[in-house]
**Student:** 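Below are the C-alpha cells for one structure; questions will follow.
Please read all numbers here as calculations on a predicted model, not as lab measurements.
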Amino acid sequence: MALVEVNNLSMRFSGIVAVEDLSFEIEEGSITSLIGPNGAGKTSVFNCMTGFYKASSGDIIFDGQSLINLKPYSITEKGIIRTFQNVRLFKNLTAMENVMSGVHRVTNQSIFGALLRHPKQRREEEKIRETAEFFMNYVGIYDKKDILAKNLSYGDQRRTEWARALSASPKLLLLDEPAAGLNREEKESLVELIHSFRDSYGITVFFIEHDMELVMKASEKVIVVNFGKKIAQGTPNEVQNNPLVVEAYLGS
Amino acid sequence: MGLIDKLDNKVSKTIGSLALLLVMVLLPLRVDNYVQNVLWNAMFYMLLALGLNVIVGYCGLCDLGYAAKFAIGAYTTGVLMKSFSWNFWLTLPVSMLISAITAAIVGGATLKLRSDYLAIVTLGFAEIVRISVRNMSITGSASGLIAISRPSLFGIRLTRITHWYYVFLVLVLMFIFITYRIRHSRFGRALTYIREDEDAAQAMGINTTKYKLYAYIIGAVLGGITGSFYAVKMTNISPTSFDFTQSANILLAVILGGMGKIPGVIVGAAFFAIFPELFRDIPIIGEMRMLFFGILLIVVMITRPQGLWPERKQRM
C-alpha cells in the first residue's frame, strides 16, 4: 500500500492556479523526488501536504487517513516532518536547542513536569538531549552544538535543519530543495545521507530539487510537474528521456 | 572552552549569585527605611518583570496591559479582605484563579489571531479593568480601597518595611526559581521556538495556540500574586496605580534588561526603580531626572537593542 496518496489535488490563489488536478503516490520506504521548472507549484504541493496551505480541492491520504483540514502541528504529530526551502531555524537559539525541538513530537512533559522536575521528567529531558546529540553527530554538526543558529555557516544551517527533522523520528520526510546553496562536496554527502535516512531508519523521503545530478543519483522515482500539472513520472532514466520533460525545461 | 574553564565559569557564577544574595539579606541591618523602601520597590518591579518576561521574553507575545493582571490580583485580595473579612493568605489562591480565568478568556479570544492583535486587545482590556474598578462601589470607586489590614506570617504582623523587604526578597527568589525551571524544560523551549519562528514551531509539532495561551496564563497568575502582595503592603490601592504608564514601565524594564534573560530582566527592573531615586537630591538634575532617564533609555535602546545584559557566551 502506498504511504501517501494524493488525489486530484488543486490549489488556487484567487484566480492563479498553483496546483491543478494533481495525483500521485509515494510508496512506503521509497525515495521520491518532485521536480519542475521555477513556479511549477512544487512548494505549494509541500505546503498542502503539511497543512500550511488549505487545498482548494482534492484529497491527501497519509497512512490511510486524510490530511485535509488538519493544522500543521497535527500533521507533524502523525509523522510527516518537513524542512523549508529557505532554512527556517530558530535563529537566536543554539544548534542544540534547535535540534531538541524535533524531539517535542515524541515526548510529552507539561508545565507541571517543568516545575516539579520529577524523575520521569528528568529521564525525558535526558532522552531529548541524547536524541538531539545523536542526530547532530549523524549529520556531522555535533562540534557546533553550542553555536547560535544565526552564526552557523549556510551548509551547517542546512545540516541543523536535517538533524532537527530526523530527531522527530519521521515516517515521511519532506525536504524542500535540500541542496540549494550547498557546494559539490556537501551535495555528494547529501546523496549518501538521503539514502541512509531510508536504509538505517526506514524513513520514506520525498524531496523537491533543482539539481538534476542529485535528483538522478538520489531518487528512485521522479515526479515532474509544470504549471501545477503532472507531466511525467517514472525512474530517473525514463524521465530524463521523456520529450515532454525536455520541453518543459528547455522550451520547444 | 575547556572543561575546567566551563567549571570555573559555573563556580564563579554561583559564588557571585550567593554573594549578591548575602548582601541583599544583610542589607536591612545597615540601611535606613528609605533605602529599604527603594529596594522594596525595585523587588516589586522585579516580580512584575519576571512575570511579564514569560509572556514577552519567552513567548514573544506583545502585552501592553500587564498592569491589569496585577490590578486583578490586588483588587481580588483587597475586596475579599475589606468586604468579606477574609484572611490574606486565603485570598491568594482565589486571586491566582481569577487571574488565570480572565487570562484564559482574553487570550483564548485573541491568541488564534496574529500576535499584533494581542497588543491592542491587552491595551484595551487593561483600560476596561481600570475603568471598571473606578466605577464599581465594591472596589471603592475612584478613591480605591483604603486601610486594607496587614497580614501575619509565623505570628508576626507584617507592618514594618523590613518585613516587606524580606517577604518580597523571598518572592523574587521563588519567581526566579519558577521561571528558570519553565525556561529550561520542554515546555519553556516550546515557548521560545514560538517566539523565534511560529511556522517552524508548528512544523515541529507544537500546538502554538495552546502554548501561547499557557504562557499568557502563567504570566497573568504571576502578576496576580504580585498584585495581592502589593495590596497588603501598600494597604491602599486605587485605579491610578494601574494605569497605562504602569504597564509601559514593566514592559520597559523587561526590554531594557534583555528580553527572555532572567538576570537581564532583574537588572532592568532594578535599574528602572533605582535610577530615578539616585538623582532625586541633586539640584536642577533632580527636577529633570525623568527627562534624563528618558534620554538614557533611548541611548540604551539604540546602542544595545538586545538589552543591558550581555549575550550568553558561546564557543566559536
Side-chain angles (χ1 to χ4, degrees), chain A residues 47 50-52 71-84 87-95 97-117 121-122 124-125 127-128 143-151 161 164-165 167-168 170 174, chain B residues 1 6 9 54 57-60 100 112 174-175 177-219 221-222 258-261 305-307 311-316:
Chain A
N47 282 338
T50 50
F52 282 92
K71 297 241 183 215
Y73 69 85
S74 36
I75 291 177
T76 301
E77 275 167 12
K78 290 190 185 302
I80 302 181
I81 317 293
R82 73 173 293 176
T83 65
F84 293 88
V87 189
R88 306 262 308 251
L89 289 175
F90 307 115
K91 291 197 182 68
N92 296 306
L93 301 177
T94 62
E97 284 173 306
N98 268 278
V99 178
M100 284 163 88
S101 72
V103 200
H104 187 93
R105 182 177 98 81
V106 285
T107 46
N108 50 35
Q109 289 302 328
S110 70
I111 173 74
F112 300 106
L115 291 179
L116 301 174
R117 284 211 184 156
Q121 147 89 9
R122 281 202 295 267
E124 202 173 76
E125 274 297 299
K127 176 185 154 191
I128 292 172
D143 54 332
K144 301 184 177 93
K145 69 188 177 95
D146 294 326
I147 296 179
L148 296 185
K150 64 179 175 190
N151 296 336
E161 214 188 15
R164 180 173 77 177
S167 59
L174 303 182
Chain B
M1 196 189 280
K6 228 179 190 170
N9 194 7
V54 175
Y58 291 175
C59 201
K112 278 183 195 152
M174 277 170 60
F175 275 37
F177 177 81
I178 291 169
T179 56
Y180 179 86
R181 284 214 157 172
I182 288 175
R183 173 66 186 86
H184 296 277
S185 69
R186 173 180 180 268
F187 175 84
R189 281 192 302 271
L191 300 184
T192 57
Y193 298 145
I194 293 170
R195 177 192 72 201
E196 291 293 315
D197 187 328
E198 210 174 321
D199 283 342
Q202 279 232 23
M204 298 332 290
I206 294 164
N207 183 344
T208 50
T209 309
K210 192 173 92 179
Y211 274 85
K212 283 195 278 187
L213 187 60
Y214 285 165
Y216 192 63
I217 291 174
I218 292 167
V221 169
L222 293 177
M259 282 192 286
K261 292 168 270 188
Q306 73 277 42
E311 286 283 327
R312 86 175 111 177
K313 280 197 205 122
Q314 49 163 319
R315 279 190 304 157
M316 288 306 291

**Student:** Residues of residues 209-219 of chain B under 4.5 Å from chain A (heavy atom pairs)?
**Tutor:**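 Residues of residues 209-219 of chain B touching chain A at under 4.5 Å: Tyr211(B), Ile218(B).
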**Student:** For Arg82(A) versus Ala203(B), what's the shortest heavy-atom pair and its separation?
**Tutor:**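 Nearest pair, atom of Arg82(A) first, then Ala203(B): CG-CB, 4.2 Å.
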**Student:** Please state whether the side chain, the backbone, both or neither of Arg189(B) comes within less than 4.5 Å of a heavy atom of chain A.
**Tutor:**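 When you check distances to chain A, only side chain atoms of Arg189(B) fall under 4.5 Å.
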**Student:** If you count heavy-atom pairs under 4.5 Å between each of Lys91(A), Glu77(A), Lys78(A), Gln109(A) and chain B, which one has the most?
**Tutor:**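 That would be Gln109(A).
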**Student:** So what's closer than 4.5 Å to chain B heavy atoms on Ile111(A): side chain, backbone, both or neither?
**Tutor:**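 Contact with chain B is through both the backbone and side chain of Ile111(A).
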**Student:** Identify the heavy atoms of Ile128(A) and Arg186(B) that sit nearest to each other, and give their distance.
**Tutor:**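 Shortest heavy-atom separation between Ile128(A) and Arg186(B) comes out as CD1-CB, 4.3 Å.
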**Student:** Would you call Glu97(A) and Arg183(B) a salt bridge, taking side-chain N to carboxylate O under 4.0 Å as the test?
**Tutor:**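 Yes, Glu97(A) and Arg183(B) are salt-bridged.
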**Student:** Could you look at Leu116(A) and say if it's the side chain, the backbone, both or neither that has a heavy atom under 4.5 Å from chain B?
**Tutor:**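 For Leu116(A), backbone heavy atoms alone lie under 4.5 Å from chain B.
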**Student:** Side chain of Arg88(A), backbone of Asp197(B): donor and acceptor closer than 3.5 Å?
**Tutor:**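 No, because the side chain of Arg88(A) does not come within donor-acceptor range (under 3.5 Å) of the backbone of Asp197(B).
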**Student:** Considering all heavy atoms of both residues, which atom of Phe84(A) and which atom of Asp199(B) are nearest to each other, and what is their separation?
**Tutor:**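 Between these two residues, the closest heavy atoms are CZ-O, 4.3 Å.
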**Student:** At a heavy-atom separation under 4.5 Å, does Thr50(A) approach chain B through its side chain, its backbone, both, or neither?
**Tutor:**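 Nothing of Thr50(A), per the 4.5 Å heavy-atom cut-off to chain B.
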**Student:** For Glu196(B) and Lys150(A), run side-chain contact (heavy atoms from CB on, under 4.5 Å): C-alpha distance rounded to whole Å, both residues' side-chain angles, the deciding distance at 0.1 Å, then the answer.
**Tutor:** CA-CA 11 Å; Glu196(B) 291 293 315; Lys150(A) 64 179 175 190; over 6 Å; no
**Student:** Specify the closest pair of heavy atoms between Phe90(A) and Ala200(B), including all atoms of both residues, with the distance to one decimal.
**Tutor:**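 Taking Phe90(A) first and Ala200(B) second, the nearest heavy atoms are CE2-CB, 3.8 Å.
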**Student:** Specify the closest pair of heavy atoms between Met204(B) and Gly102(A), including all atoms of both residues, with the distance to one decimal.
**Tutor:**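 Heavy atoms only, the tightest pair is CE-CA, 3.6 Å.
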**Student:** Look only at the side chain of Arg105(A) and the backbone of Gly205(B), and say whether a donor-acceptor pair between them is shorter than 3.5 Å.
**Tutor:**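 Flag not set: sc Arg105(A) to bb Gly205(B) has no pair under 3.5 Å.
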**Student:** Can you see which heavy atom on Ile206(B) is nearest to which on Tyr73(A), and at what distance?
**Tutor:**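 Smallest heavy-atom distance, with atoms named: O-CB, 3.4 Å.
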**Student:** Specify which of Glu124(A), Glu161(A), Met100(A) makes the most heavy-atom pairs with chain B at under 4.5 Å.
**Tutor:**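 Heavy-atom pairs under 4.5 Å are most numerous for Met100(A).
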**Student:** Mind checking whether Lys71(A) and Thr208(B) have side chains closer than 4.5 Å, heavy atoms only?
**Tutor:**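 Lys71(A) does not reach Thr208(B) side chain to side chain.
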